[in-house]
Amino acid sequence: ECEIVRANFSTDKSNLMTFDSVGLSFSQGSSDVLLVTFGNYRHVPNISSFFGLKFAQNNNISVVGVSAGQNHWWNTPGFIPAMQRVREFAAGRPIVTYGSSMGGFAALYADQWLEPVRIIAASPQTAIGPAATWEKRWASDVQKIDFVQPDALAQLSDRAEIYLLYDPMHKADAAQADRLLGRSNVVRLPIPWGRHPVLQTLREAGCLSSIIRAMVLGEFTPQTFGSVARMRRKSSTYVAQLAMASAARRTPNLKLSLA
């Protein structure tokens with residue numbers, strides 16, 4: 001069932017609709033594309049908190065934020081009707097999906113309903129629960145989920161260009177990302193020592209907004225990403241992880257945690 005918390009979804013500057021434990025909020029911009037963002041894992045889930053809305057508003061990009069009232073990895077009855085509503089609202093406009101971690105799962109998983117032209121997946125889980133028994137993070141949340149589809153790639157097409165940002169030095173994230181590699185439509189964008197999620201490192205480096213904006217608007221080039229290698233040195237996360245790795249190499253018995 002869809003509960004309309006605030007009406008006039010297509011005309012209000014900002015509003016909220018809920019579909020079971022999935023929320024939608026819209027903000028109008030001047031872009032030709034519609035950005036659809038998906039919330040990430042939260043220790044205290046909040047259906048009124050939306051990932052990427054401030055970024056979209058600051059860049060005058062039309063956006064629908066999709067929030068999670070629970071950490072369900074989008075395996076919830078409200079997800080499909082919510083995606084159908086987003087597709088109706090797009091009204092033929094090109095769609096770009098964007099998410100980090102659990103939101104990255106959704107950005108990929110939603111491909112079959114939204115048919116996006118581009119997918120931005122940062123440190124994504126590509127599988128969870130029974131489809132990724134080796135994934136031990138978030139175990140207490142995962143065991144509560146009644147899974148419909150634990151594999152975000154099960155129905156993933158080759159239609160969209162997929163920007164995959166992740167830390168290849170982070171074992172769990174690399175294992176998730178490896179499931180996407182080999183596809184011709186995947187643009188691999190490794191950020192060594194960026195940790196989980198890598199967006200924090202890009203934010204600290206001061207280049208997150210410009211990179212994501214270029215991806216959303218179809219203006220991204222290898223040169224755009226090349227600046228990350230230089231700018232990431234401004235990130236305290238990157239510097240700390242690099243220092244830990246260097247210490248571990250000098251002291252073999254030192255345990256380095258990248259979880």
Side-chain angles (χ1 to χ4, degrees), residues 22 24 31-41 50-53 55-56 59 61-68 73-75 79-80 82-84 86-87 89-90 92-128 131 149-168 173-174 176-191 194 196-199 202 208-222 224-225 228:
V22 176
L24 299 179
S31 61
D32 294 330
V33 300
L34 177 66
L35 176 63
V36 182
T37 68
F38 296 90
N40 51 9
Y41 177 93
F50 293 88
F51 171 82
L53 255 64
F55 155 78
N59 288 278
I61 295 170
S62 295
V63 61
V64 173
V66 185
S67 65
W73 274 263
W74 315 99
N75 279 254
F79 187 68
I80 295 177
M83 294 302 95
Q84 292 169 338
V86 172
R87 184 69 183 270
F89 177 71
R93 280 182 290 180
I95 291 174
V96 177
T97 61
Y98 172 35
S100 172
S101 192
M102 186 179 82
F105 181 102
L108 296 161
Y109 181 38
D111 173 74
Q112 59 188 298
W113 296 287
L114 300 185
E115 299 183 357
V117 294
R118 288 179 290 282
I119 296 171
I120 306 169
S123 306
Q125 290 85 64
T126 58
I128 199 72
Q149 178 50 269
D151 187 349
L153 311 186
Q155 301 295 326
L156 183 66
S157 72
D158 294 329
R159 173 182 49 250
E161 186 168 38
I162 300 173
Y163 296 116
L164 175 62
L165 300 110
Y166 73 105
D167 178 1
D173 277 6
Q176 293 281 1
D178 283 350
R179 302 183 68 244
L180 272 169
L181 301 183
R183 289 174 174 260
S184 61
N185 58 325
V186 173
V187 179
R188 179 179 178 268
L189 301 168
I191 304 172
H196 179 97
V198 292
L199 295 186
L202 298 181
L208 175 61
S209 181
S210 60
I211 288 173
I212 300 301
R213 183 181 186 277
M215 291 176 176
V216 171
L217 299 180
E219 300 169 354
F220 182 80
T221 65
T224 308
F225 189 69
V228 173

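Source: prediction; values computed, not measured.
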Considering only heavy atoms from C-beta outward, does the side chain of [X] approach that of [Y] to under 4.5 Å?
X	Y	result
Val66	Thr37	no
Gln155	Leu108	no
Leu189	Val187	yes
Leu164	Leu181	yes
Glu161	Met215	no
Leu217	Asn59	no
Thr97	Ile120	no
Arg179	Asp151	yes

Minimum-distance pair of heavy atoms, taken over all atoms of [X] and [Y]:
X	Y	value
Val198	Ser123	N-OG, 3.0 Å
Ala174	Pro168	CB-O, 3.7 Å
Asn75	Pro150	OD1-N, 4.0 Å
Val63	Leu34	N-CD1, 3.9 Å
Gln149	Ala154	NE2-CB, 3.4 Å
Pro116	Arg159	O-NE, 4.0 Å

| said: When you compare the side chains of Asn40 and Ser100, does any donor N or O come within less than 3.5 Å of an acceptor on the partner? | reply: no

| field | Residue list, side chain to side chain contact (heavy atoms under 4.5 Å, CB included) with Asp158, at least two apart or on another chain | value |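 Side chain to side chain contact (heavy atoms under 4.5 Å, CB included) list for Asp158, sorted by chain: Arg183, Asn185.
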
| task | Spell out, as yes or no, whether a donor-acceptor pair under 3.5 Å connects the side chain of Ser31 to the backbone of Ser62. | result | yes

| said: If we ignore hydrogens and angles and just use 3.5 Å, is the side chain of Thr126 paired with the main-chain N or O of Ala177 as donor and acceptor? | reply: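 Checking the backbone N and O of Ala177 against the side chain of Thr126, no donor-acceptor pair under 3.5 Å is found.
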
| said: With salt bridge (Lys or Arg N to Asp or Glu O under 4.0 Å) as the rule and sequence neighbours excluded, what pairs involving residues 117-128 come up? | reply: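 Qualifying pairs, neighbours excluded: none.
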
| query | In chain order, what residues pass the ring pair (Phe, Tyr, Trp, His ring centres under 6.0 Å) check against Phe55, with sequence neighbours excluded? | reply |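 Expected list: none.
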
| query | Can Trp74 and Phe79 be said to form a ring-ring contact (aromatic ring centres under 6.0 Å, His included), step by step? | reply | CA-CA 6 Å; Trp74 315 99; Phe79 187 68; 5.6 Å; yes

Let me confirm one number: the [atom1]-[atom2] distance from [X] to [Y], rounded to the nearest 0.5 Å.
X	Y	atom1	atom2	result
Ile119	Tyr98	CD1	OH	14.5 Å
Leu165	Leu199	CG	CG	7.0 Å
Phe220	Arg213	CZ	CZ	14.0 Å
Phe38	Ser67	CZ	OG	11.0 Å
Met83	Glu115	CE	CD	13.5 Å
Ile61	Asp32	CD1	CG	11.0 Å

| Those residues that, when tested against Arg93, pass salt bridge (charged side-chain N to carboxylate O under 4.0 Å, His left out) (two or more places apart) |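 Expected list: none.
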
| task | Please identify each residue that fulfils salt bridge (charged side-chain N to carboxylate O under 4.0 Å, His left out) with Arg188, with sequence neighbours left out. | result | none

| Sequence-distant partners of Trp73, side-chain hydrogen bond (donor to acceptor under 3.5 Å, both in side chains), two or more places apart | Gln125

